[in-house]
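Since the structure comes first, as structure tokens, the remarks are kept for the end.
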Protein chains: 2
Amino acid sequence: MRISELAERSGTAPATIKFYVREGLLPPAEKTGYNQVSYTEEHVRRLHLVRALVDVGGLPIARVRAVVAAVDDPGTGLQEVMGAAQRALPGREGAPPPSPSSLAAVEELVRAQGWAVLDGNPGVAQAAAVLDGWVAMGRKDLFDSLPEYARAAEVVARADLARVWPDAADRDRSAETVVVGTVLGDALVAGLRRIAQEHVARATRPTTRPATPTATSTPEEPS
Amino acid sequence: MRISELAERSGTAPATIKFYVREGLLPPAEKTGYNQVSYTEEHVRRLHLVRALVDVGGLPIARVRAVVAAVDDPGTGLQEVMGAAQRALPGREGAPPPSPSSLAAVEELVRAQGWAVLDGNPGVAQAAAVLDGWVAMGRKDLFDSLPEYARAAEVVARADLARVWPDAADRDRSAETVVVGTVLGDALVAGLRRIAQEHVARATRPTTRPATPTATSTPEEPS
DNA sequence: ACCAATAGATAGCAGCACTATCGACAGTGG
DNA sequence: CCACTGTCGATAGTGCTGCTATCTATTGGT
């Protein structure tokens with residue numbers, strides 16, 4: 001198929017497709033002439049993958065390139081593909097490194113949960129950075145809630161992996177599954193969390209501010 | 001205090017502080033002379049809040065402005081502050097709108113969970129967009145896992161709100177708590193999810209690919 | 001034969017988050 | 001009193017990212 005058809009089927013502008021090929025997000029199409037190439041169904045699904053990572057996952061182009069490289073390299077095992085996807089996720093790159101105390105807190109949490117984890121896991125630094133932000137705001141009560149969050153995270157992780165193992169025999173397919181699941185999973189959990197937050201906020205009827213009847217007046221705006 | 005002290009205490013360059021004041025992320029300091037102003041402790045904590053939202057939460061400046069405006073406006077109730085924080089989170093703005101079928105699936109999930117939620121909730125569109133990305137990749141099995149994710153999301157949401165109600169009497173303090181909790185909570189859950197993923201992947205020993213012994217050879221790299 | 005479409009290369013552009021520079025002045029040590 | 005460092009506010013500039021526009025040589029379709 002030609003570029004216009006690929007563009008139409010993926011909802012992506014031809015110029016953008018060319019750009020993706022240049023950037024290595026999309027493999028070059030097979031040449032059939034001086035100015036004719038032939039895109040395949042493989043390109044369609046790869047383009048869908050790229051757009052999902054960019055649009056829904058919010059990944060920058062460079063990260064997407066790293067991820068698809070891991071998917072395409074048959075020498076990369078599923079665990080490493082998952083690692084690549086994890087490292088690709090937008091994770092506090094401009095931020096200062098996490099403090100040792102927060103790192104220690106996270107590591108203690110990991111131990112308390114009975115988790116086994118290597119040092120390189122980016123989640124550790126990310127969680128520690130969150131704790132740092134929290135204490136910088138003068139709050140400390142988050143530590144008590146950590147096990148609750150950790151338990152929820154484990155439930156999510158089990159659901160994640162339950163979706164991968166079924167077709168673990170097909171390496172390419174499951175590599176894609178791992179990537180999409182890891183990246184889009186963050187967005188899914190975040191979205192569901194927003195819905196659940198509103199539900200819980202409405203359900204537990206917070207005595208909508210016990211002692212300060214001011215400012216409750218403004219007409220209810222959808223949260 | 002003068003700008004250099006504020007810069008030092010917050011780890012932010014003076015030029016950046018000036019920029020934030022211009023952009024309305026930080027209130028202007030009180031003038032004490034032609035070229036002398038006096039920053040307060042309030043500025044320190046506000047700057048910490050802004051940096052946390054930017055560095056850890058990854059929010060763009062414009063979103064941070066909207067969030068702090070909601071926090072500062074005493075006429076904005078806590079529910080609306082939470083709504084502002086939710087809408088501020090990076091959520092698929094460049095992406096195409098979610099398909100009706102995915103929206104319907106999310107709404108059915110919401111009903112099945114017994115959740116009550118208004119139309120404007122950005123989580124619905126976000127979750128639907130994730131489903132769209134998923135089906136665009138030719139996978140449909142995600143729907144079966146949705147209730148699992150929803151349950152985990154509710155656990156998280158309950159933990160979120162349990163941290164807010166305690167000091168719901170202090171509107172300003174709890175407004176900050178809501179914002180930081182909503183924004184940093186996403187990052188925290190995401191980080192813990194990465195750790196849990198690695199743990200579960202190692203613990204359940206995926207029979208590391210049942211029928212395809214190829215490509216397992218590369219030396220174990222920390223995922 | 002004609003014309004729209006294509007490939008590939010290069011240049012340009014808009015947005016974002018800062019950062020650098022400037023001129024006028026203030027506060028402080030000597 | 002006076003040099004000198006620090007400060008304020010304003011404006012302009014920078015580096016990066018993610019495309020988009022333009023150009024030329026060529027080609028398939030009618």
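Computed over heavy atoms, backbone and side chain alike; hydrogens, waters and symmetry mates excluded. Residue numbering restarts at 1 for every chain, and letters A, B, ... go by the order of the sequence lines.
For B/Arg51, counting side-chain heavy atoms from C-beta on, the closest listed nucleotide (D/dC8, C/dA7, C/dC18) is C/dC18. Of the candidate nucleotides D/dT7, D/dG28, C/dC18, D/dT7 has the atom nearest to the side chain of B/Gln36. Relative to the side chain of A/Ala15, the nucleotides C/dC18, D/dT20, C/dG8 differ in distance, and D/dT20 lies closest. For A/Lys18, counting side-chain heavy atoms from C-beta on, the closest listed nucleotide (C/dG8, C/dT19, C/dC18) is C/dG8.
We find that CZ of B/Arg65 is positioned 12 Å from C1' of C/dC16, with the value rounded to whole Å. Going from atom CZ of B/Arg22 over to atom C1' of C/dA17 covers 11 Å, rounded to whole Å. Atom pair A/Ile17:CD1 and C/dA5:P shows a separation of 15 Å (rounding to whole Å applied). The CD-C1' distance, from A/Glu8 to C/dT6, rounds to 16 Å in whole Å. Residue B/Tyr39 contributes atom OH, which lies 8 Å from atom C1' of D/dC8 at whole-angstrom precision. Distance B/Leu26 CG to D/dG9 P: 12 Å, rounded to the nearest Å. Atom CZ of A/Phe19 is separated from atom P of C/dG12 by 17 Å (rounded to the nearest Å). Atom CG in B/Leu6 sits roughly 17 Å away from atom P in D/dG6 (whole-Å rounding).
Between B/Arg202 and B/Glu198 there is a salt bridge, since at least one side-chain N of the basic residue sits less than 4.0 Å from a carboxylate O of the acidic one. Under the 4.0 Å criterion applied to side-chain N and carboxylate O atoms, B/Arg46 and B/Asp72 are assigned as salt-bridge partners.
When atom types are taken as modelled, the side chain of A/Ser174 and the backbone of A/Asp170 share a donor-acceptor pair closer than 3.5 angstrom. Proximity of a side-chain donor or acceptor of B/His43 to a complementary backbone N or O of B/Pro27 within less than 3.5 Å is detected.
Across all strands shown, B/Pro60 has heavy atoms under 4.0 Å from sugar-phosphate atoms exclusively, and none from any base. Backbone-only contact: B/Val37 has heavy atoms under 4.0 Å from sugar-phosphate atoms and none from a base.
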key: side chain to side chain donor-acceptor pair (under 3.5 Å) assessment of A/Ser145 paired with B/Arg163   = CA-CA 8 Å; A/Ser145 314; B/Arg163 285 198 331 271; 4.9 Å; no
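Between A/Thr16 and D/dG18, a side-chain N or O to OP1/OP2 separation shorter than 4.0 Å is absent. OP1 or OP2 of C/dC18 has at least one side-chain nitrogen or oxygen of B/Tyr20 nearer than 4.0 Å.
The base of D/dC8 does not come close enough to the side chain of B/Asn35 for any donor and acceptor atom to sit less than 3.5 Å apart.
Checking B/Leu59 against B/Tyr34, the closest nucleotide of DNA chain C that is more toward the 5' end is the one next to B/Leu59. Toward the 5′ end of DNA chain D lies the nearest nucleotide of B/Ser4, the other residue of the pair A/Thr32 and B/Ser4 mapping further downstream. Heavy-atom distances to DNA chain C give each of B/Ala13 and B/Arg2 a nearest nucleotide, and the one nearer the 5′ end belongs to B/Ala13.
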